[in-house]
Chemist: 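One structure, as structure tokens, below. Some questions next.
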2 protein chains.
Amino acid sequence: MSRDANADNGMRPALIEAAARLIATEGAAGLKLRRVAEEVGTSTMAIYTYFGGMPELRRAVRQEGFARLATRAEQLGESDDPVADLAGLGLAYHQLAMSNPHLYRAMYMEQPLDAVDAAAGSETFNILTAGVQRCIDSGRFDRANAVELATQFWAFGHGVVALRLANLLSAEDALNCSASALLNLFTAWGDDRDAARRSLTRTGRRAARLDLEAATGAATRRGQSD
Amino acid sequence: MSRDANADNGMRPALIEAAARLIATEGAAGLKLRRVAEEVGTSTMAIYTYFGGMPELRRAVRQEGFARLATRAEQLGESDDPVADLAGLGLAYHQLAMSNPHLYRAMYMEQPLDAVDAAAGSETFNILTAGVQRCIDSGRFDRANAVELATQFWAFGHGVVALRLANLLSAEDALNCSASALLNLFTAWGDDRDAARRSLTRTGRRAARLDLEAATGAATRRGQSD
DNA sequence: AGCGCTGCTATAACTATGCTATATCAGATC
DNA sequence: GATCTGATATAGCATAGTTATAGCAGCGCT
């Protein structure tokens, strides 16, 4: 009996975690029943008792991915520049996808999402809509339906990510393309073109700073470096 | 010996066609070695003699899909409204993807494209770039790098399609979102806003007319209905 | 305590899938 | 006409997901 992290306790999360790790490291094809079981140190039956089968395990991994994405988006916080914050949401989306391409593919691209998955996916969209609404309320964007604008933003951002994942767009091209297109969209939505440009560069700088902090060490917790 | 469409002759195309049909009707998971073989009326060895294995068969199906897409884009032709033609390219892309979601997913989303696939995929992008260049040359768009503009267009269009395939966007929302965003982008690229609007409605009408013709019958060959 | 019930786990077996080895056969070449 | 080449059919192997079954731990009840 070699049970480490199971009992009636953390078996389910452990299986999800192992499955997510397998997908992340080896792709969707690397997620095999027997493999997950042996990673967790249990038998193959565990997947059936806790999930019902592999499809349900995969779904649980997707849900976990959506939850992580929403968490990441929420912890970004709000500065006094709502347009920069909006661009930051897009950038975070992009970075998360690039740092975990297999998981992202499993979440959005492997199959049409059913109602449950779509609900989880829409949660992040609501965060995006709120970000757009802030831009409208602050007067940077003209009054408009925030959902419609957010949809345009989302479609573009998702497209860039999809092309990146498909290996059809280089990192550099993605950056240039995004900067130009977002500038165009923000301007069309009512923002001053120069103000929009400043917000975009602000987002870029902030991202670079966060990257630096992350690279330097665990300095993210303390606000020491500025 | 029940060989119908093989010999050293049409075996390869027959296998590709059967494989594409299986993907189209049952999804990527429905493409199984033995299934393809029995559809064509041969043994499983045929896949190995003509392709080397299932991965290579899948690749051949992707290439076939890219070729069909390029053909479709080229046969669209050029009217005297290059902006409407450009929008028409995007619409055709969308429609082809929606009419064959499984194949489209297999082409763009299942895995990062290798060099061979990326080359085939870029072919359609070149058509798009040419369409943008026409808009620039005609004076509708400001002088700019056609590739950069085409990339923005492509990213957005691909994003809409990806969200549609993921079941995260309804047909209606996709239409509204595309119309607004393209209007914004075209205007930002130098086109007169009202002219851009007219071009977009023109594309919509043309698409509706083609749909009607297709629904009515094979009237596409003859120009009888108008 | 003893009993039995409930639910999780391990093992083994079943089916299907991709792939490989091998024998057979058709057509080409000299 | 003999031989050689290349494609095909058949059979078999390894691995995948899934299912059936037996065992076992924990719990409540008498």
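Chain A is the first sequence line, chain B the second, and so forth, proteins listed ahead of strands; every chain is numbered from 1.
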Chemist: More than 12 heavy atoms of other residues, nucleotides or ligands under 6.0 Å from CD of B:Q75: yes or no?
Modeler: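 Enclosed: over 12 neighbouring heavy atoms sit under 6.0 Å from CD of B:Q75.
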
Chemist: Rounded to the nearest Å, what distance is computed from the CD1 atom of residue A:I47 to the C1' atom of nucleotide D:dT19?
Modeler: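 Rounding to the nearest Å, CD1 of A:I47 and C1' of D:dT19 are 14 Å apart.
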
Chemist: For a quick check of understanding: with a heavy-atom distance under 4.0 Å over all strands, which category does A:M45 fall into, base, sugar-phosphate or nothing?
Modeler: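 Base contact.
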
Chemist: Kindly check if the number of other-residue, nucleotide or ligand heavy atoms within 6.0 Å of CD (A:E123) is above 12?
Modeler: no

Chemist: Among D:dT10, C:dC19, C:dA10, which is the nearest nucleotide to the side chain of A:S43?
Modeler: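 So the nucleotide nearest the side chain must be C:dA10.
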
Chemist: Give A:L57 one of three labels, base, sugar-phosphate or nothing, depending on what nucleic acid heavy atoms sit under 4.0 Å from its own.
Modeler: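 Here A:L57 touches no strand at all.
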
Chemist: As a test of reading the structure: which of C:dC19, C:dT9, D:dT19 is closest to the side chain of A:T44, going by heavy atoms?
Modeler: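 My answer, after comparing the listed nucleotides, is D:dT19.
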
Chemist: Rounded to the Å, how far apart are A:R34 CZ and C:dA13 C1'?
Modeler: 11 Å

Chemist: So, is B:T42 close to the D:dA9 phosphate, meaning a side-chain N or O under 4.0 Å from OP1 or OP2?
Modeler: yes

Chemist: In whole Å, I'd like the distance from the CG atom of B:L33 to the C1' atom of C:dT20.
Modeler: 12 Å

Chemist: How long is the line joining NZ of B:K32 and C1' of D:dG17, in whole Å?
Modeler: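 Interatomic distance, NZ of B:K32 to C1' of D:dG17: 11 Å.
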
Chemist: Could you tell me whether the side chain of B:R164 and the main chain of B:L169 form a donor-acceptor pair under 3.5 Å?
Modeler: yes

Chemist: To the nearest Å, give me how far apart OH (A:Y48) and P (D:dT18) are.
Modeler: 3 Å

Chemist: Using whole Å, what does the distance between atom C1' of nucleotide D:dG17 and atom CZ of A:F51 come to?
Modeler: 16 Å

Chemist: What verdict does the ring pair (Phe, Tyr, Trp, His ring centres under 6.0 Å) test give for B:F125 and B:F153, after you've listed the backbone C-alpha separation in whole Å, the side-chain angles of each residue and the deciding distance to 0.1 Å?
Modeler: CA-CA 10 Å; B:F125 178 71; B:F153 186 93; over 10 Å; no

Chemist: Without decimals, in angstroms, what is the distance between B:E38 CD and C:dA16 P?
Modeler: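 Taking atom P of C:dA16 as the reference, CD of B:E38 is at 12 Å.
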
Chemist: I need the CE-P distance between B:M54 and D:dA16, as an integer number of Å.
Modeler: 17 Å

Chemist: C:dC19, D:dT8, C:dC8: which one has an atom nearest the side-chain heavy atoms of A:T49?
Modeler: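 Nearest to the side-chain atoms of A:T49, counting from C-beta on, is C:dC8.
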
Chemist: Going by an N to O cut-off under 4.0 Å, is there a salt bridge joining A:R58 and A:E110?
Modeler: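 The answer is no: the pair does not qualify as a salt bridge.
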
